[in-house]
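Below, read A as the first sequence line, B as the second, and so on, with proteins coming before strands; counting in each chain starts at 1. Computation of the quantities below employed the complete heavy-atom set of this structure, encompassing side-chain atoms and omitting hydrogens, waters and symmetry-equivalent molecules.
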Amino acid sequence: MILNREFYQRDAVAVAKDLLGKVLVHETNEGITKGLIVETEAYMGTKDAAAHSYKSNPSGRTNVQYKEGGYAYIYLIYGMYYCMNIVTNEINIPEVVLLRALEPVDGIELMKKRRGTDKMINLCSGPGKLCAAMGINKDNYGMDLCSNQLYLEEAAVKNPIEVVASKRINIDYAGEAKDYLWRFTIKDNKFVSVKVK
DNA sequence: CGGAAGATTTCT
DNA sequence: GAAATCTTCCGA
């Protein structure tokens, strides 16, 4: 079952927690890939010094963040890797959830081909890696997650999930915001990206 | 218009 | 521990 618009129209922290255990699906010409979300981070727009939308105009790269929840915010980092975010909350509230790690579910051969590795644990354990494995790039920027190409769905089997909150990764420049516990992971899941502080 | 820096990954 | 590599943003 595909998650509906209402799911995304809440604050980013609530959505980030609820996204754990959901499945990200991307249908392409090459085939379909699915991954179980095991790690997320919330970025709370104007209240968060680490967010892209904290100090920039509601135009350019962050434009889509100001839409209502349920859209894909894709950006290129360090000139080499894409990161996928999910826009949350209402119109004109620039809050997003960064997807940091997935557990591969479907289309694993395709993921291996895209990533150039056979190691399951290495396919999606990081923001740049999961985008490469899922075939996500700037063409997906602003895509509606309530449509049928790139979307999220409930996991086929719902196992009980234990959520762990921790500090976010690689945002030391963000002042006091770097200590906010807005990173969420599934406890003891081995597909979570390895960097832990 | 030019420069600096970044939600990262990979190899040494 | 450092390089790879390019878009975006800010200051002049």
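With hydrogens and angles disregarded, a donor-acceptor distance shorter than 3.5 Å links the side chain of A/R115 to the backbone of A/L123. A donor-acceptor pair under 3.5 Å is formed between the side chain of A/T40 and the backbone N or O of A/A16. The main-chain N or O of A/G107 is never found under 3.5 Å from a side-chain atom of A/T33 such that the two would form a donor-acceptor pair.
At a threshold of 4.0 angstrom between heavy atoms, the contacts of A/L98 include nucleobase atoms, whether or not backbone atoms are also involved. Heavy atoms of A/Y82 sit nowhere under 4.0 angstrom from any nucleic acid atom. Using a 4.0 Å heavy-atom distance criterion, A/V96 is classed as a base contact.
Ranking C/dC10, C/dT7, C/dA4 by closeness to the A/M80 side chain, first place goes to C/dA4. When distances are taken from the side chain of A/I169 to each of B/dT8, B/dT10, C/dC6, the shortest belongs to B/dT8. Ranking B/dT8, B/dT10, B/dG6 by closeness to the A/K129 side chain, first place goes to B/dT10. In this structure, the nucleotide among B/dT8, C/dC9, C/dC6 sitting nearest to the side chain of A/R61 is C/dC9.
For the pair A/R5 and A/Y8, the cation does not sit on the ring face, since its NZ or CZ is not both under 6.0 Å from the ring centre and inside 45° of the axis.
A straight line from CD1 of A/I136 to P of B/dT8 spans 16 Å, rounded to a whole angstrom. Taking atom OH of residue A/Y43 and atom C1' of nucleotide B/dG6, one finds them 11 Å apart after rounding to whole Å. A/N122 has its CG atom 13 Å from the C1' atom of B/dT8, to the nearest Å. Rounded to whole angstrom, the span from the OH atom of A/Y78 across to the P atom of C/dA2 amounts to 15 Å. Straight-line distance from the CD1 atom of A/I171 to the C1' atom of B/dA5: 16 Å, rounded to whole Å. Nucleotide B/dT8 holds its P atom 8 Å from the CD atom of A/E41, rounded to whole Å. Residue A/K55 contributes atom NZ, which lies 13 Å from atom P of B/dA5 at whole-angstrom precision. A/I77 places its CD1 atom 10 Å from the C1' atom of C/dT8, with the value rounded to the nearest Å.
With A/W182 as the fixed residue, the side chain to side chain contact (heavy atoms under 4.5 Å, CB included) test singles out one of A/M44, A/K167, A/K17: A/M44.
Proximity of A/R115 to the phosphate of B/dT9: no side-chain N or O atom is located under 4.0 Å from OP1 or OP2.
By the 5.5 Å and 30° criteria, A/Y81 is not stacked with the base of B/dT8.
Among the duplex regions that DNA chain C forms, those built from at least three successive Watson-Crick or G-U pairs under 3.5 Å are B:1-6 with C:6-11, B:8-11 with C:1-4, ordered by first number.
In the hydrophobic clustering of ILVMFWY residues, with side-chain heavy atoms under 4.5 Å counting as a link, A/V163 and A/V13 come out together.
When the shell of 6.0 Å around OH of A/Y54 is examined, it contains 12 or fewer heavy atoms from other residues, nucleotides or ligands.
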